[in-house]
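Below is one structure; the comments refer to it alone.
Predicted, not measured: the structure shown is a model, and the values here were computed from it. Chain naming here is simple, since letters A, B, ... match the order of the sequence lines and numbering starts at 1 in each.
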Protein chains: 2
Amino acid sequence: MQRVTISQVAERAGVSTATVSRVLSGRGPVSPGVQRKVRRAAEELGYQVNSIARALRNSRTDTVGMVVPSISNPFFTSLVENVEHALGQEGRELFLCDARSDPEIEARRLASLVARNVDGIIVSPSHGTLSGPAVQETADRLPLVQLDRFVGGTSTDWVGVNDVAAMRLIMDHLHEGGARSAAFVGSLLTNSSTEQRFAGFQRRAEELNIGVDPEHVLLGDYSVDWGETAAARLIEAGELPDAIVCADDLIALGVTRVCRRYGVDVPTRVQVTGYDNIEFARLGEPALTTIDQPRAQIAAEAVRLLDLASRTGTAERGPSAHIALVPTLVVRDSTVSGGA
Amino acid sequence: MQRVTISQVAERAGVSTATVSRVLSGRGPVSPGVQRKVRRAAEELGYQVNSIARALRNSRTDTVGMVVPSISNPFFTSLVENVEHALGQEGRELFLCDARSDPEIEARRLASLVARNVDGIIVSPSHGTLSGPAVQETADRLPLVQLDRFVGGTSTDWVGVNDVAAMRLIMDHLHEGGARSAAFVGSLLTNSSTEQRFAGFQRRAEELNIGVDPEHVLLGDYSVDWGETAAARLIEAGELPDAIVCADDLIALGVTRVCRRYGVDVPTRVQVTGYDNIEFARLGEPALTTIDQPRAQIAAEAVRLLDLASRTGTAERGPSAHIALVPTLVVRDSTVSGGA
DNA sequence: ATGAAAGCGCTAACAA
DNA sequence: TTGTTAGCGCTTTCAT
């Protein structure tokens with residue numbers, strides 16, 4: 001099963017390899033007659049470009065790499081889908097990597113993407129500080145934009161959502177629903193998402209005079225399991241706050257599940273909010289009130305920034321872009337809505 | 001930001017490029033002294049292999065491609081994770097593509113993977129027949145194994161689960177729980193998963209004398225939405241069967257949700273089963289009884305077959321392997337378990 | 001409009 | 001043990 005090369009096509013068409021290349025890549029002038037001959041020969045032989053060879057020659061792979069903290073988190077897969085879509089045109093392909101929330105694996109992935117000469121990288125860093133060196137190093141070598149999360153000590157483009165504004169939306173809504181005290185369940189403060197969200201939570205809680213018992217700030221990881229653990233801890237400690245604000249939907253799903261199990265009614269006894277608006281958010285019992293991130297827009301912006309960076313050259317191109325899009329509050333049944 | 005090449009390293013170390021190559025790839029004999037010199041030079045220059053060049057030379061990319069019908073289906077992402085893990089050793093990378101359940105996109109992805117010279121491909125074909133040509137063509141060019149689903153009219157390796165046996169497990173369990181009639185909610189019969197599952201369902205239903213009203217076979221797609229639609233249709237038509245067997249967990253999640261909404265108790269009024277045991281299956285209300293596929297094993301087998309195929313050469317290597325692993329029944333709260 | 005030839009960065013014969 | 005050299009398949013000057 002030898003692969004067909006350009007020179008076999010050339011031979012069959014009775015022309016030079018240069019001509020074949022010109023025809024197939026549509027660059028350079030070729031007479032219609034020869035064009036046809038070449039195309040037919042290629043067709044008959046079942047020719048397909050060897051993009052490795054092409055990439056070596058062009059030093060462009062028409063490939064972008066994407067690294068996410070966890071491919072099993074529906075929010076990220078949805079982001080991936082959107083990026084793929086945004087890339088979809090132009091025949092560019094996405095090289096997807098899962099960092100398993102581990103900065104070391106992440107660093108390896110990044111290095112491997114660089115080695116594979118992707119044209120650019122979109123990364124949502126796993127860790128708020130540990131991801132720094134690898135991300136910066138990578139960004140020094142090729143166009144890179146951070147998505148959703150970002151890592152301190154780096155100067156790269158970023159696009160995501162205004163977490164602080166999102167938290168304000170949530171807190172205001174909870175406050176209207178009568179909440180006068182709240183808990184926060186998030187991941188350890190090792191990534192920007194939680195940091196920002198927690199900061200936003202705290203600030204607005206203070207402004208609204210919503211009490212936050214220090215014991216009611218529970219930090220674990222982004223998972224249903226952690227949500228369950230945290231909720232059980234809150235419930236068993238007694239003194240449940242009026243609301244439990246979760247750093248993402250997975251956590252919130254775990255929290256509501258445990259509430260159900262303990263017979264703690266949501267939202268009348270305690271209001272619960274999520275974040276991300278993953279598909280399963282609406283499937284919770286009750287359906288989750290959450291924050292919707294404009295994923296398509298985030299993805300589109302990321303691709304745009306990447307293209308921009310590629311064009312401008314990795315060299316100096318002024319300060320990096322920092323694009324915070326506007327989140328939306330999606331009110332469902334896990335909170336007390338206005339009318340109630 | 002020029003990339004460092006091997007010859008720059010060679011120059012700095014005062015040796016030939018061949019020597020550098022030998023040191024860096026660990027092949028061929030090099031004296032310890034020179035080794036050190038080369039490594040230091042490489043280090044100082046921040047050298048990284050250009051795997052494009054290496055791939056062109058070796059006609060191996062140390063990369064395998066994976067194509068799944070939908071990256072937003074947790075079952076497939078979980079499969080991806082497992083494959084990645086199985087590959088994880090040996091420094092091989094996974095090139096992940098989402099076919100969006102569209103055979104045309106799928107064909108493009110496959111072609112692109114071939115063009116990119118991946119060493120092998122793992123694919124779960126979207127469509128039971130339409131995916132055929134592309135899959136076969138791809139398999140003719142390089143090692144390919146089908147995962148979970150397979151497509152008719154192809155002769156490639158396959159590894160998945162014994163769907164018929166799984167359905168027997170489910171039906172027997174439902175029967176024990178008192179079910180004497182059942183509905184089936186699946187996707188249109190355009191992929192092997194549904195085909196097999198439905199066949200298994202029907203056969204065992206017959207054997208157990210479980211009645212299946214032809215009106216109670218509802219075919220749509222693998223999504224929560226479809227589960228909801230189908231359940232609503234069943235409920236509104238009256239004459240609910242004793243059990244609703246779903247072709248996957250997403251559908252089952254939709255079904256149970258609608259039952260809840262309509263006040264139809266699961267499992268006392270109607271038993272519901274899923275398939276795949278995705279993480280969210282246990283989060284349903286009630287938690288889903290479902291089929292667990294040995295994903296890690298499936299992934300490991302797939303990788304093994306791929307390696308085998310690579311070694312043997314794509315040429316004749318006897319009949320293709322067809323490995324059906326044994327599924328497990330996971331009993332939760334959506335069915336009437338033995339004791340009840 | 002077409003062809004000859006150089007070379008992208010790497011590795012593997014083959015020599016020395 | 002080390003260096004020289006010939007390509008992998010493609011694109012792109014530079015001639016013609």
Salt bridge flag under 4.0 Å for residues Arg109(B) and Glu106(B): no

Worked check of side chain to side chain contact (heavy atoms under 4.5 Å, CB included) between Gln136(A) and Val151(A): CA-CA 9 Å; Gln136(A) 185 60 59; Val151(A) 61; over 6 Å; no

If only side-chain N and O atoms of [X] are considered, is one of them under 4.0 Å from the OP1 or OP2 phosphate oxygen of [N]?
{"X": "Ser21(A)", "N": "dC10(D)", "value": "no"}
{"X": "Ser16(B)", "N": "dG3(D)", "value": "yes"}
{"X": "Ser31(B)", "N": "dT2(D)", "value": "yes"}

Close approaches to DNA chain D from residues 40-60 of chain B, in residue order (heavy atom, under 4.0 Å): Leu56(B), Arg57(B)

Rounded distance [0.5 Å steps], OG in Ser192(A) versus CG in Asp148(A): 7.0 Å

Spacing of CG belonging to Asp157(B) relative to CG belonging to Leu305(B), to within rounding of 0.5 Å: 4.5 Å

Are any protein N/O atoms closer than 3.5 Å to N/O atoms in nucleotides 14-16 of chain C? If there are, list each pair with its distance.
none

Separation of dC10(D) P from Arg27(A) CZ (nearest whole Å): 14 Å

Euclidean distance, atom CD of residue Gln8(A) to atom P of dC8(D) [Å, nearest integer]: 11 Å

For Cys97(A), the option from Ile121(A), Leu113(A), Ile71(A) that meets side-chain contact (heavy atoms from CB on, under 4.5 Å): Leu113(A)

Identified side-chain contact (heavy atoms from CB on, under 4.5 Å) counterpart of Val159(A) within the set Val145(A), Ile122(A), Val303(A): Val145(A)

Heavy-atom side-chain proximity of Thr5(B) to Gln8(B) below 4.5 angstrom: yes

Proximal nucleotide (of dT11(D), dT12(D), dT2(D)) relative to the Ile6(A) side chain: dT11(D)

Whether Trp158(A) and Phe150(A) hold their rings parallel, tilted or perpendicular, with breakpoints at 30° and 60°: perpendicular

